[in-house]
There are 2 protein chains.
Amino acid sequence: MTYSEENYLKAIYHLSLSQKQGVSTNAIAALIESKASSVTDMIKKLAEKELIIYQKYQGVMLTDKGLMAAKMIVRKHRLWEVFLVEKLDFAWDEVHDVAEELEHIKSEKLINKLDAFLGFPTEDPHGDPIPDKNGNIVKVEKQLLSEFEIGQTGICVGVKDSSSSFLQYLDKQQIALGSKIKVVAKESFDMSLTIEVNGKSMIISNKIAGNLFVKTVS
Amino acid sequence: MTYSEENYLKAIYHLSLSQKQGVSTNAIAALIESKASSVTDMIKKLAEKELIIYQKYQGVMLTDKGLMAAKMIVRKHRLWEVFLVEKLDFAWDEVHDVAEELEHIKSEKLINKLDAFLGFPTEDPHGDPIPDKNGNIVKVEKQLLSEFEIGQTGICVGVKDSSSSFLQYLDKQQIALGSKIKVVAKESFDMSLTIEVNGKSMIISNKIAGNLFVKTVS
DNA sequence: ATATTTTTTTAGTTTTGTCTAAATTATTAT
DNA sequence: ATAATAATTTAGACAAAACTAAAAAAATAT
């Protein structure tokens with residue numbers, strides 16, 4: 001599989017997680033930052049290889065084969081991210097672009113050895129799950145902080161948006177994976193939240209709360 | 001720089017180490033396993049970018065800029081090899097192909113962090129020198145075992161040929177970097193050597209001896 | 001010194017992945 | 001139900017990197 005084919009497959013995988021129907025040409029083009037016509041070309045190729053099912057004008061869906069291939073790329077991406085953060089001291093907002101390259105290195109032995117070296121992690125530095133060598137994914141119950149009621153307490157287990165600016169904002173506010181967050185108040189006008197983290201009280205916008213995954217605790 | 005440009009640059013670098021004049025088109029084609037016409041195309045491109053000096057029919061030489069770029073690729077290749085052997089328990093004959101891919105990952109930060117993580121090694125698993133971040137290379141005096149006289153003792157510090165079959169032969173004979181080797185006798189008919197390694201005596205062909213680098217010791 | 005051989009370059013194709021512009025199909029609005 | 005709009009596909013072009021075959025230059029041999 002080529003570098004480019006892998007990127008398309010990964011994009012289709014990510015898009016298919018949020019929609020249960022076929023993934024549209026335009027959606028792929030937007031994510032990959034290319035043009036719809038380029039996408040049409042590529043999905044024909046992927047369909048020929050039986051990695052996706054494609055009918056003209058109907059969008060695409062991953063086959064079992066394609067799903068597994070996509071998961072293996074995601075596995076590589078996320079394992080490399082763990083390596084960069086845990087072993088090479090990268091910050092969590094610096095790893096994406098490098099992992100984007102590393103994910104294309106073709107060696108099963110390499111990735112399985114790396115997995116062992118890292119202690120078989122189940123989540124990457126942003127809280128996203130890492131498929132194991134068979135493609136199995138451990139699902140963590142989580143919800144968005146914005147869905148919490150007043151008085152509820154949770155632990156931060158992931159981010160929905162992992163853009164540099166968002167991650168750096170969290171660093172600045174000292175919110176990290178594992179942080180305990182309590183919702184103290186909710187402003188009905190703009191849905192901003194007053195929360196307590198590390199004993200400190202702060203106000204965060206609804207947009208922030210809508211990008212933070214939390215797990216309920218007692 | 002593209003993947004392909006980097007490979008050409010690296011090939012030219014390796015070839016220019018053994019010859020002091022310009023590197024010929026055919027020599028590059030042979031090393032890269034491509035055709036002379038393809039090489040001509042690429043060296044024109046590299047010359048435009050001022051990475052090499054090229055005059056028709058005269059072969060090529062690296063510019064300072066090209067030399068540094070080539071050294072950085074070699075640096076990456078060899079650091080990754082150290083990582084694979086030291087951290088992921090690869091055998092020394094398994095690392096080349098994977099490193100061949102990893103050397104193209106574009107991140108200065110990554111490679112310098114990796115360098116630090118590995119403890120700033122100066123040699124790769126085959127005894128070849130690793131350029132530092134400024135391109136400096138520590139030279140080790142070494143000679144081929146085949147050049148040793150009877151009675152001389154040395155320590156194995158590298159291999160000239162790092163093909164899988166040769167490295168596996170050395171593993172089988174329990175010859176590794178650091179092994180102490182004493183030349184006991186030399187057969188004048190075929191130049192084969194009787195040597196002592198790890199207290200054991202064995203006979204090795206001239207071809208083997210001509211691919212083992214050793215450093216003289218007392 | 002000239003003829004032969006080898007090396008290198010040029011010219012023209014091919015493949016992969018991209019694009020623009022135009023045509024076609026699907027969706028939405030009236 | 002038809003018109004307007006949006007989404008998708010097709011057709012044709014282009015750049016990168018490779019190739020084959022043929023031409024040109026350099027090296028070698030007689």
Side-chain angles (χ1 to χ4, degrees), chain A residues 1-13 15-16 18-62 66 69-70 73 100-101 103-106, chain B residues 1-13 15-16 18-62 66 69-70 73 100-101 103-106:
Chain A
M1 205 159 17
T2 68
Y3 192 102
S4 196
E5 286 171 347
E6 290 189 345
N7 280 336
Y8 274 89
L9 219 50
K10 190 176 50 140
I12 294 166
Y13 172 73
L15 290 167
S16 65
S18 37
Q19 302 162 205
K20 286 286 166 271
Q21 307 107 304
V23 175
S24 79
T25 302
N26 265 0
I28 298 168
L31 187 55
I32 293 241
E33 293 186 292
S34 67
K35 296 299 155 75
S37 56
S38 309
V39 173
T40 303
D41 286 346
M42 181 56 87
I43 63 185
K44 281 178 182 170
K45 205 162 87 169
L46 294 175
E48 286 243 327
K49 295 193 174 185
E50 297 186 313
L51 294 163
I52 58 176
I53 292 166
Y54 165 57
Q55 291 190 102
K56 276 193 193 175
Y57 300 100
Q58 301 308 126
V60 297
M61 286 183 55
L62 291 169
I73 300 161
E100 204 75 356
E101 289 191 58
E103 73 189 4
H104 298 291
I105 303 294
K106 288 172 203 347
Chain B
M1 207 159 14
T2 68
Y3 192 102
S4 195
E5 286 170 347
E6 290 189 344
N7 280 336
Y8 273 89
L9 219 51
K10 190 176 50 140
I12 294 165
Y13 173 72
L15 290 167
S16 65
S18 38
Q19 302 164 207
K20 287 287 166 268
Q21 306 106 305
V23 175
S24 80
T25 301
N26 266 0
I28 298 169
L31 187 54
I32 292 244
E33 293 185 294
S34 67
K35 297 298 156 75
S37 56
S38 308
V39 173
T40 303
D41 285 346
M42 182 56 88
I43 62 185
K44 280 179 182 171
K45 205 162 86 167
L46 294 175
E48 285 244 327
K49 294 193 174 187
E50 298 186 310
L51 294 162
I52 58 175
I53 292 167
Y54 166 58
Q55 290 190 102
K56 275 191 193 179
Y57 301 100
Q58 301 308 127
V60 297
M61 285 183 56
L62 291 169
I73 300 162
E100 204 76 355
E101 288 191 59
E103 74 188 4
H104 298 290
I105 304 293
K106 288 173 203 345

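Every chain is numbered from 1 and lettered A, B, ... according to where its sequence line falls, protein lines coming before strand lines.
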Quick one: is C/dT18 close enough that its OP1 or OP2 comes under 4.0 Å of any side-chain N or O from A/Tyr3? no

Starting at OH of B/Tyr8 and ending at C1' of D/dA16, how long is that distance when rounded to a whole Å? 12 Å

Does B/Asn26 put a side-chain nitrogen or oxygen below 4.0 Å from OP1 or OP2 of C/dT8? yes

For A/Glu101, side chain to side chain donor-acceptor pair (under 3.5 Å) partners two or more places apart: none

Which residues pass the side chain to side chain contact (heavy atoms under 4.5 Å, CB included) test with B/Ala47, sequence neighbours left out? B/Ile52, B/Tyr54

Provide the closest heavy-atom pair for A/Glu103 versus A/Glu6 in the form atom of the first, atom of the second, distance. O-OE1, 4.2 Å

Please confirm whether the shortest side-chain N or O distance from B/Ser4 to OP1 or OP2 of D/dA18 is below 4.0 Å. yes

Qualifying side chain to side chain donor-acceptor pair (under 3.5 Å) pairs, either residue in residues 19-32 of chain A, two or more places apart: none

B/Tyr57: partners by ring-ring contact (aromatic ring centres under 6.0 Å, His included), with sequence neighbours left out: none

Any residue of residues 53-60 of chain B with a heavy atom less than 4.0 Å from an atom of DNA chain C: B/Tyr54, B/Lys56, B/Tyr57

Listed by chain and number, what are the salt bridge (Lys or Arg N to Asp or Glu O under 4.0 Å) partners of A/Lys44, not counting sequence neighbours? none

Listed pairs under 3.5 Å, donor-acceptor, residues 34-42 of chain B side chains, sequence neighbours left out:
unit_1: B/Thr40; atom_1: OG1; unit_2: B/Ala36; atom_2: O; d: 3.1

Could you state the atom-to-atom distance from NZ of B/Lys44 to C1' of C/dA11 in whole Å? 10 Å

Going by salt bridge (Lys or Arg N to Asp or Glu O under 4.0 Å), name the residues that satisfy it together with A/Glu5, two or more places apart in sequence or in a different chain. A/Lys45, A/Lys49

What parts of residues 28-40 of chain B reach DNA chain D, counting only heavy atoms under 4.0 Å away? B/Ser34, B/Lys35, B/Ser37, B/Ser38

Between A/Thr2 and C/dT16, does any side-chain N or O lie under 4.0 Å from OP1 or OP2? no

Considering only side-chain heavy atoms of A/Asp41, which listed nucleotide, C/dT8, D/dT8, C/dC19, is closest? C/dC19

